[in-house]
Number of protein chains: 2
Amino acid sequence: MSVTEQPEGGPRRQSRQRNAVLALLDELDGFRSAQDLHALLRERGDSVGLATVYRALQALVDDGQLDVLRSTDGEAAYRRCSSSHHHHLVCRSCGRTVEVADPPVERWAARIAAEHGFVDVQHDVEVFGTCAACAAARA
Amino acid sequence: MSVTEQPEGGPRRQSRQRNAVLALLDELDGFRSAQDLHALLRERGDSVGLATVYRALQALVDDGQLDVLRSTDGEAAYRRCSSSHHHHLVCRSCGRTVEVADPPVERWAARIAAEHGFVDVQHDVEVFGTCAACAAARA
DNA sequence: GTGCTCATGAGAATCATTCTCCCACGCGGA
DNA sequence: TCCGCGTGGGAGAATGATTCTCATGAGCAC
Ligand SMILES: [Mn+2]
Ligand SMILES: [Mn+2]
Ligand SMILES: [Zn+2]
Ligand SMILES: [Zn+2]
């Protein structure tokens with residue numbers, strides 16, 4: 001929104017920092033905040049400036065390589081996801097995330113919009129719960 | 001999350017400020033940020049402190065009288081909504097909002113969760129688009 | 001290797017939201 | 001109506017995530 005955007009999809013310059021951020025995201029399963037990622041990188045020695053972490057995440061989001069989720073406390077969380085359209089089923093307890101691509105919900109959203117005369121529609125759908133493993137562990 | 005919560009649902013004390021916030025929300029159709037509401041109140045003369053606006057909104061949310069939406073820029077937006085479970089169809093252009101209560105999407109969310117062994121599920125579903133009026137005006 | 005750019009990092013700046021602290025007022029009881 | 005208690009309000013400071021500034025460092029094309 002206010003970050004300087006790369007006008008063209010020109011080749012992005014390579015850097016240790018950007019690679020480190022992407023590599024870390026590849027190892028993690030759930031959504032993580034920029035602050036968390038920064039702390040993790042620092043712990044493992046691949047130290048990267050905080051501003052750089054934000055810039056790398058922003059760039060990856062623009063490239064469609066990351067999904068962003070805004071938690072209720074306003075913090076943004078990022079995750080490496082498949083590039084095709086999907087939604088998420090997220091475990092509140094351990095963060096385990098399942099990507100869900102299911103035609104019915106797509107049709108549902110389109111139908112609801114059409115019934116009310118809305119066009120250019122888009123939808124946000126996230127499902128939160130407790131995964132089987134966490135439910136078992138809690139018992 | 002960190003605001004002091006009223007432990008019991010005891011009767012809330014009456015006040016001009018709280019009433020003004022609620023009255024304003026009743027007149028508005030779409031989701032509005034706390035900052036916006038504060039500015040609107042100030043304009044109309046019903047001046048209320050910013051912190052008080054936040055406190056009033058928080059209280060109303062706790063009472064289930066308001067719905068909150070987090071926009072992509074991280075700002076929270078509030079709207080007076082019916083108390084029963086529903087989702088929203090929001091016009092990106094004018095903010096007009098339609099409440100949608102539709103069994104199919106509820107069943108969909110439950111099914112997806114069940115298929116993956118998740119329990120205690122909950123879902124966030126919002127549909128954004130351009131309403132008929134705005135689409136016509138743009139043409 | 002040189003040079004042109006873009007990337008980085010430290011810290012300042014932003015901005016929404018929350019907290020502190022003290023004062024004012026709603027409200028129930030006398 | 002008058003008091004007193006305790007909650008609600010206001011102003012401004014504090015917080016915390018995110019973004020910006022700007023001087024410096026490092027890809028990459030030649
Ligand atoms: Mn979808
Ligand atoms: Mn629902
Ligand atoms: Zn889990
Ligand atoms: Zn509209």
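Note that this is a predicted model, so its numbers are computed, not measured. In the text below, chain A, chain B and the rest are named by the order of the sequence lines, each starting its count at 1.
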> Over how many whole Å does the gap from A:Gln58 atom CD to D:dT19 atom P extend?
Replying inline: 6 Å

>> Between P on D:dT18 and CG on A:Leu57, what's the gap in Å once rounded to a whole number?
In response: 9 Å

> Which nucleotides of nucleotides 23-30 of chain D have their base under 4.0 Å from a protein heavy atom (B), which only their sugar-phosphate (S), and which neither (-), written as one string 5' to 3'?
Replying inline: ---BBS--

> Would B:Asp67 and B:His86 count as a side chain to side chain donor-acceptor pair (under 3.5 Å) if you check the C-alpha gap in whole Å, the side-chain angles of each, and the deciding distance to 0.1 Å?
Replying inline: CA-CA 10 Å; B:Asp67 273 6; B:His86 63 269; 3.0 Å; yes

>> Side chain of A:Glu75 only, heavy atoms from C-beta on: which candidate in D:dT18, D:dG12, C:dA16 is closest?
In response: D:dT18

>> Without decimals, in angstroms, what is the distance between A:Asp73 CG and C:dT18 C1'?
In response: 13 Å

> Are any non-hydrogen side-chain atoms of B:Glu75 and B:Arg70 less than 4.5 angstrom apart?
Replying inline: no

> Does a side-chain heavy-atom distance below 4.5 Å link B:Phe118 with A:Leu89?
Replying inline: yes

>> For a 4.5 angstrom cut-off between non-hydrogen side-chain atoms, does A:Leu28 reach A:Tyr78?
In response: no

> How do B:Leu50 and A:Val53 order along DNA chain C: which one's closest nucleotide is nearer the 5' end?
Replying inline: A:Val53

> Can a donor-acceptor pair under 3.5 Å be found between the side-chain atoms of A:Arg55 and the base atoms of C:dG9?
Replying inline: yes

> What's the CG-P distance between A:Leu37 and D:dA17, to the nearest Å?
Replying inline: 13 Å

With a 3.5 Å cut-off and sequence neighbours excluded, list the donor-acceptor pairs that the side chains of residues 37-49 of chain A form with protein atoms.
unit_1: A:His38; atom_1: NE2; unit_2: A:Val48; atom_2: O; d: 3.0
unit_1: A:Arg44; atom_1: NH1; unit_2: A:Glu27; atom_2: OE2; d: 3.3
unit_1: A:Arg44; atom_1: NH2; unit_2: A:Glu27; atom_2: OE1; d: 3.0

>> So that I can tick it off, tell me whether B:Asp29 and B:Arg96 are bridged by a salt bridge, with the cut-off set at under 4.0 angstrom between side-chain N and carboxylate O.
In response: no

>> Heavy atoms from C-beta onward define the side chain here; which of C:dT17, D:dT19, D:dT18 lies closest to that of A:Gln35?
In response: D:dT18

> Of the nucleotides C:dA16, D:dG8, D:dT18, which one has an atom closest to the side chain of B:Arg18?
Replying inline: D:dG8

> Is B:Arg92 salt-bridged to A:Asp120, cutoff N-O under 4.0 Å?
Replying inline: no

>> Measuring from the side chain of A:Tyr54 (C-beta onward, heavy atoms only), which nucleotide among C:dT17, D:dC20, D:dT19 has the closest atom?
In response: D:dT19

> Whole-Å distance between D:dA11 C1' and B:His38 NE2?
Replying inline: 11 Å

>> Of the listed nucleotides (D:dT18, D:dG10, C:dA16), which one gets closest to any side-chain atom of B:Gln17?
In response: D:dG10

